[in-house]
Asker: 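Before we start, here is the structure in question, set down as C-alpha coordinates.
As the structure is a prediction and not an experimental result, all values here were calculated from the model.
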Amino acid sequence: DNTLNVKWRYINRTDDEITLCHTYCYTDYYSSWLANAYIVDNANQKKHLVVRADKNPMTTKVKRPTKLSPGGTYKVWAKFPAPPMEVENVSVYIPGTAPIEDVRIEG
(Lines give C-alpha, C1' and ligand atoms only; values in the text may rest on other atoms or scores of the structure.)
Protein backbone atom coordinates (compact mmCIF):
# COMPACT_ATOMS: atom_id res chain seq x y z
CA ASP A 1 0.00 0.00 0.00
CA ASN A 2 3.05 2.27 -0.47
CA THR A 3 3.48 2.79 3.26
CA LEU A 4 6.10 1.84 5.80
CA ASN A 5 5.10 0.86 9.35
CA VAL A 6 7.65 1.68 12.02
CA LYS A 7 7.20 -0.01 15.39
CA TRP A 8 9.11 0.68 18.59
CA ARG A 9 8.89 0.11 22.31
CA TYR A 10 9.56 2.34 25.30
CA ILE A 11 11.03 0.58 28.34
CA ASN A 12 11.09 2.15 31.80
CA ARG A 13 14.21 0.79 33.45
CA THR A 14 13.87 3.06 36.48
CA ASP A 15 12.17 2.60 39.82
CA ASP A 16 9.94 5.61 39.20
CA GLU A 17 6.85 6.19 37.09
CA ILE A 18 7.74 8.29 34.07
CA THR A 19 5.68 10.39 31.68
CA LEU A 20 6.46 9.95 28.00
CA CYS A 21 6.90 13.24 26.17
CA HIS A 22 5.07 15.28 28.79
CA THR A 23 4.78 18.72 27.10
CA TYR A 24 7.74 19.55 24.86
CA CYS A 25 6.89 16.85 22.31
CA TYR A 26 3.50 18.22 21.29
CA THR A 27 2.94 20.67 18.46
CA ASP A 28 -0.72 19.77 17.97
CA TYR A 29 -2.87 19.60 21.10
CA TYR A 30 -5.20 17.03 19.55
CA SER A 31 -2.57 14.51 18.53
CA SER A 32 0.13 12.56 20.30
CA TRP A 33 3.86 13.11 20.07
CA LEU A 34 3.89 10.18 17.61
CA ALA A 35 2.29 12.44 14.99
CA ASN A 36 5.49 14.52 15.06
CA ALA A 37 7.78 11.58 14.29
CA TYR A 38 9.34 11.33 10.85
CA ILE A 39 11.75 9.20 8.86
CA VAL A 40 14.54 10.24 6.55
CA ASP A 41 15.40 8.29 3.43
CA ASN A 42 19.17 8.64 3.77
CA ALA A 43 19.94 7.65 0.18
CA ASN A 44 17.84 10.50 -1.25
CA GLN A 45 17.92 12.83 1.79
CA LYS A 46 14.12 12.99 1.80
CA LYS A 47 12.02 13.51 4.93
CA HIS A 48 8.74 11.57 5.25
CA LEU A 49 6.09 12.70 7.73
CA VAL A 50 3.46 10.48 9.37
CA VAL A 51 0.65 9.52 7.00
CA ARG A 52 -2.70 11.15 7.80
CA ALA A 53 -6.23 10.00 7.00
CA ASP A 54 -8.97 12.62 7.33
CA LYS A 55 -6.36 14.86 9.05
CA ASN A 56 -5.76 12.21 11.73
CA PRO A 57 -2.24 10.80 12.09
CA MET A 58 -1.91 7.09 11.42
CA THR A 59 -0.22 6.14 14.70
CA THR A 60 -0.92 4.33 17.91
CA LYS A 61 -3.66 6.22 19.71
CA VAL A 62 -2.14 7.44 22.96
CA LYS A 63 -3.46 9.26 26.00
CA ARG A 64 -2.04 12.55 27.15
CA PRO A 65 -0.07 12.33 29.34
CA THR A 66 1.16 8.79 28.83
CA LYS A 67 2.56 7.26 32.01
CA LEU A 68 4.88 4.28 32.17
CA SER A 69 5.20 2.38 35.45
CA PRO A 70 8.55 1.10 36.76
CA GLY A 71 9.74 -1.83 34.67
CA GLY A 72 6.86 -1.26 32.23
CA THR A 73 6.95 -1.26 28.44
CA TYR A 74 4.83 0.58 25.91
CA LYS A 75 4.63 -0.50 22.25
CA VAL A 76 3.73 2.06 19.59
CA TRP A 77 3.72 2.40 15.81
CA ALA A 78 3.48 5.05 13.12
CA LYS A 79 2.82 4.80 9.38
CA PHE A 80 4.93 6.72 6.83
CA PRO A 81 5.01 6.97 3.03
CA ALA A 82 7.32 4.26 1.76
CA PRO A 83 10.62 5.39 0.33
CA PRO A 84 11.60 4.12 -3.15
CA MET A 85 12.09 0.34 -3.41
CA GLU A 86 15.88 0.61 -3.71
CA VAL A 87 16.17 2.30 -0.30
CA GLU A 88 17.33 -0.23 2.29
CA ASN A 89 17.71 1.97 5.40
CA VAL A 90 16.03 4.97 6.97
CA SER A 91 16.67 7.08 10.04
CA VAL A 92 13.81 7.48 12.51
CA TYR A 93 13.27 10.72 14.42
CA ILE A 94 10.91 10.60 17.41
CA PRO A 95 10.26 13.62 19.64
CA GLY A 96 11.98 13.29 22.99
CA THR A 97 14.45 10.59 21.89
CA ALA A 98 17.82 10.45 20.19
CA PRO A 99 17.72 9.74 16.42
CA ILE A 100 17.67 6.08 15.48
CA GLU A 101 19.87 5.83 12.40
CA ASP A 102 20.29 3.25 9.66
CA VAL A 103 17.17 1.21 10.44
CA ARG A 104 16.95 -1.60 7.91
CA ILE A 105 13.67 -1.87 6.01
CA GLU A 106 12.27 -5.38 6.08
CA GLY A 107 9.53 -6.45 3.92
Asker: Please identify each residue that fulfils side chain to side chain contact (heavy atoms under 4.5 Å, CB included) with D41, with sequence neighbours left out.
Answerer: A43, N44, K46, H48, P83, P84, V87
Asker: Holding to side chain to side chain contact (heavy atoms under 4.5 Å, CB included), I want the full list of residues that pass it with L49, two or more places apart in sequence or in another chain.
Answerer: Y38, K47
Asker: Return each pair, listed once, that meets side-chain hydrogen bond (donor to acceptor under 3.5 Å, both in side chains) where at least one residue sits in residues 98-107; pairs must be two or more places apart or across chains.
Answerer: none
Asker: Among residues at least two apart in sequence or on other chains, which ones pass side-chain hydrogen bond (donor to acceptor under 3.5 Å, both in side chains) with T60?
Answerer: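 T60 satisfies side-chain hydrogen bond (donor to acceptor under 3.5 Å, both in side chains) with W77 once adjacent residues are dropped.
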Asker: By the rule that ILVMFWY residues connect when side-chain heavy atoms come within less than 4.5 angstrom, directly or transitively, which residues belong alongside M85?
Answerer: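 Besides M85, the cluster holds no residue at all.
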Asker: State which residues pass ring pair (Phe, Tyr, Trp, His ring centres under 6.0 Å) with F80; sequence neighbours excluded, sorted by chain then number.
Answerer: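 For F80, no residue satisfies ring pair (Phe, Tyr, Trp, His ring centres under 6.0 Å) once neighbours in sequence are set aside.
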Asker: Applying salt bridge (charged side-chain N to carboxylate O under 4.0 Å, His left out), name anything that partners R13, two or more places apart in sequence or on another chain.
Answerer: none
Asker: Same cluster or not: V6 versus Y74, using hydrophobic residues (I, L, V, M, F, W, Y) connected whenever any side-chain heavy atoms lie under 4.5 Å apart?
Answerer: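 Yes; tracing contacts between hydrophobic side chains, which count when under 4.5 Å, links both residues.
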Asker: Return the CD1 to CD1 distance between I11 and I18, rounded to the nearest 0.5 Å.
Answerer: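 The CD1 atom of I18 is 10.5 Å from CD1 of I11, to the nearest 0.5 Å.
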Asker: Atom CG of L68 and atom CG of D16: how far apart are they, to the nearest 0.5 Å?
Answerer: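 The distance works out to 11.5 Å.
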Asker: If the condition is side chain to side chain contact (heavy atoms under 4.5 Å, CB included), which residues does S69 pass it with, not counting sequence neighbours?
Answerer: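 In terms of side chain to side chain contact (heavy atoms under 4.5 Å, CB included), with neighbours along the sequence ignored, S69 is linked to no residue.
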Asker: Any idea which heavy atoms bring R52 and P57 closest together, and the distance?
Answerer: NH1-CD, 3.5 Å
Asker: Between V76 and T59, is any pair of side-chain heavy atoms under 4.5 Å apart?
Answerer: no
Asker: In Å and rounded to the nearest 0.5 Å, what is the OG1 to OH distance from T73 to Y10?
Answerer: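 One finds 13.0 Å between OG1 of T73 and OH of Y10.
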Asker: Name all pairs fulfilling the side-chain hydrogen bond (donor to acceptor under 3.5 Å, both in side chains) condition that reach into residues 85-94, sequence neighbours left out, sorted by first residue then second.
Answerer: N42-S91
Asker: Sub-3.5 Å donor-acceptor pair from the side chain of N12 to the main-chain atoms of T14, do we have one?
Answerer: yes
Asker: Would you call L4 and I105 a side-chain contact if the rule is heavy atoms closer than 4.5 Å?
Answerer: yes
Asker: With a 4.5 Å limit on heavy-atom distance, are the side chains of L34 and W8 in contact?
Answerer: yes
Asker: Please list all pairs passing the salt bridge (charged side-chain N to carboxylate O under 4.0 Å, His left out) test where one or both residues lie in residues 69-85, with sequence neighbours left out.
Answerer: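 Found D1-K79.
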